[in-house]
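A short worksheet on the structure shown next.
Counting starts at 1 for both ligands and their atoms, following the listed order.
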Amino acid sequence: MKPSMTLLQRIKESADYILDNISLRPVAGIILGSGLGSFAEEITILKEISFSAVPHFPAAGVEGHKGALLLGTLNDIPVVVMQGRVHFYEGFTVDEVCYPVRVMKYLGIEKLFLTNAAGGMNPEFEIGDIMIIEDHINLMPNPLIGKNEAELGPRFPDMSTAYDPALKELAGRIATRQSLKVRKGVYVGVTGPSYETPAEYKFFRIIGGDAVGMSTVAEVIVARHMGIKCFALSVITDLGVPGRMEFLTHDMVRAAAAQAEPKMAQLLKELIRICPYSADNTVHHT
Ligand code: HPA
């Protein structure tokens with residue numbers, strides 16, 4: 001990277017590289033979490049671009065996370081999908097973790113749909129449950145720390161509707177129509193990579209959390225900074241509930257996520273199909 005380049009210049013260079021490769025202009029961005037990458041099979045892919053090909057993109061590395069940007073359509077809606085994301089625990093900065101979301105804005109997205117695997121603290125939850133994220137508690141570094149680029153968004157962005165009320169409501173109605181049991185709750189975003197101790201799960205429950213995971217919150221903060229509407233689903237892959245905790249591995253998380261994935265995909269696919277998109281989603285490039 002040329003050291004003199006500003007964040008905005010880098011974002012535009014990344015977006016221009018992608019837009020030069022394809023004529024499609026996505027209106028929705030989708031970020032797929034651990035064990036949840038097969039949602040990509042629902043997409044009619046027109047172009048697959050590996051993260052490593054895009055200038056300034058962080059390179060994904062973790063097992064279970066394929067680092068590719070898919071451009072295509074989902075029920076004729078133009079979408080961009082991040083198959084695999086990068087995480088703070090991999091050693092990337094939070095800025096790097098969120099960088100692809102910045103670029104998606106400049107590809108033209110107006111809505112961002114995120115999925116993740118999470119541990120459930122709510123004693124009513126079961127492994128394999130799908131949770132609509134109502135709200136979050138961020139326990140990671142805030143990705144907006146540092147100089148603010150006014151063209152991207154305000155210095156002090158509002159977070160009163162971090163997860164779009166209309167999208168949550170619509171998703172709830174779709175789930176009812178599909179006879180799909182969904183949970184609703186607060187997602188606690190932590191750095192990881194160690195899973196929680198029993199005392200930590202208890203603490204996260206006490207402070208108002210229903211589920212805990214190592215992603216999503218930073219991307220949502222950055223998306224809200226730029227005015228993108230967000231919707232997120234967690235798949236509950238393990239329980240941090242007293243008396244029900246088990247020895248946990250990443251393979252167990254991935255397996256539980258993959259098993260619940262079809263339910264999640266059914267809901268997400270319908271939501272992306274029927275939610276409204278404004279006509280004016282144009283981003284002007286210089
Ligand atoms: N804790 C944190 N992250 C996770 C968990 C968990 O229990 N399960 C899946 N991701």
Side-chain angles (χ1 to χ4, degrees), residues 30-39 60-67 82-92 94 97-98 113-141 143 163 182-221 230 232-265 267-268:
I30 304 169
I31 302 181
L32 303 174
S34 281
L36 299 166
S38 56
F39 183 77
V62 166
E63 263 179 272
H65 297 275
K66 190 177 165 207
M82 258 184 91
Q83 195 175 25
R85 48 154 75 92
V86 298
H87 296 84
F88 187 63
Y89 61 71
E90 292 171 79
F92 294 100
V94 263
V97 167
C98 299
F113 299 88
L114 307 101
T115 68
N116 60 56
M121 284 88 70
N122 185 322
E124 292 181 7
F125 286 7
E126 308 281 350
I127 291 175
D129 279 352
I130 309 290
M131 183 183 91
I132 295 174
I133 300 185
E134 273 288 341
D135 201 351
H136 76 216
I137 295 173
N138 179 28
L139 298 180
M140 292 192 188
Y163 299 83
V182 282
R183 309 293 194 168
K184 290 180 183 165
V186 172
Y187 176 92
V188 181
V190 295
T191 65
S194 49
Y195 292 119
E196 286 65 35
T197 62
E200 286 164 342
Y201 283 123
K202 187 175 171 191
F203 169 64
F204 295 152
R205 182 70 187 144
I206 290 168
I207 64 170
D210 294 285
V212 55
M214 306 171 195
S215 66
T216 305
V217 292
E219 290 117 313
V220 167
I221 291 169
C230 295
L233 288 174
S234 291
V235 174
I236 305 302
T237 54
D238 53 278
L239 294 174
V241 173
R244 296 175 72 191
M245 268 184 80
E246 283 179 13
F247 184 87
L248 185 61
T249 67
H250 185 52
D251 282 346
M252 288 161 70
V253 166
R254 276 201 319 204
Q259 202 174 356
E261 209 261 355
K263 281 197 291 182
M264 191 211 71
L267 174 58
L268 195 57

Worksheet item: Counting only heavy atoms, which portion of Val212 has something under 4.0 Å from ligand 1: side chain, backbone, both, or neither?
Response: both

Taking 4.0 angstrom as the limit and counting only heavy atoms of [X], give me the atoms of ligand 1 inside it, by number and element.
{"X": "Met214", "value": "2 (C), 3 (N)"}
{"X": "Ala117", "value": "9 (C), 10 (N)"}
{"X": "Gly119", "value": "5 (C), 6 (C), 7 (O), 8 (N), 9 (C)"}
{"X": "Glu196", "value": "1 (N), 2 (C), 6 (C), 7 (O)"}
{"X": "Tyr201", "value": "1 (N), 6 (C), 7 (O)"}
{"X": "Tyr195", "value": "1 (N), 2 (C), 4 (C), 5 (C), 6 (C)"}
{"X": "Thr237", "value": "8 (N), 9 (C)"}

Fill in: Glu126 with Arg244: basic N within carboxylate O range, under 4.0 Å
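Arg244 and Glu126: salt-bridged.
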
Worksheet item: To the nearest 0.1 Å, how far is atom 8 (N) of ligand 1 from its closest protein heavy atom, and which atom is that?
Response: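 Scanning the protein heavy atoms, the shortest distance from atom 8 (N) of ligand 1 goes to Asp238 OD1, 2.7 Å.
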
Fill in: Closest protein heavy atom to atom 3 (N) of ligand 1, given as residue, atom name and distance to 0.1 Å
Gly213 CA, 3.4 Å

Worksheet item: About how many Å separate CG of Leu248 and OH of Tyr195, when rounded to the nearest 0.5 Å?
Response: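 It comes to 5.0 Å.
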
Item to complete: Would you give the length of the straight line joining atom OH of Tyr163 to atom OH of Tyr187, rounded to the nearest 0.5 angstrom?
Response: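 Output value for this atom pair is 8.0 Å.
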
Practice prompt. Would you name the heavy atoms of Val253 and Thr237 that are closest together and state the gap between them?
Written response: O-CG2, 3.3 Å

Item to complete: For Gly240 and ligand 1, answer yes if some heavy atom of the residue is under 4.0 Å from a ligand atom, otherwise no.
Response: no

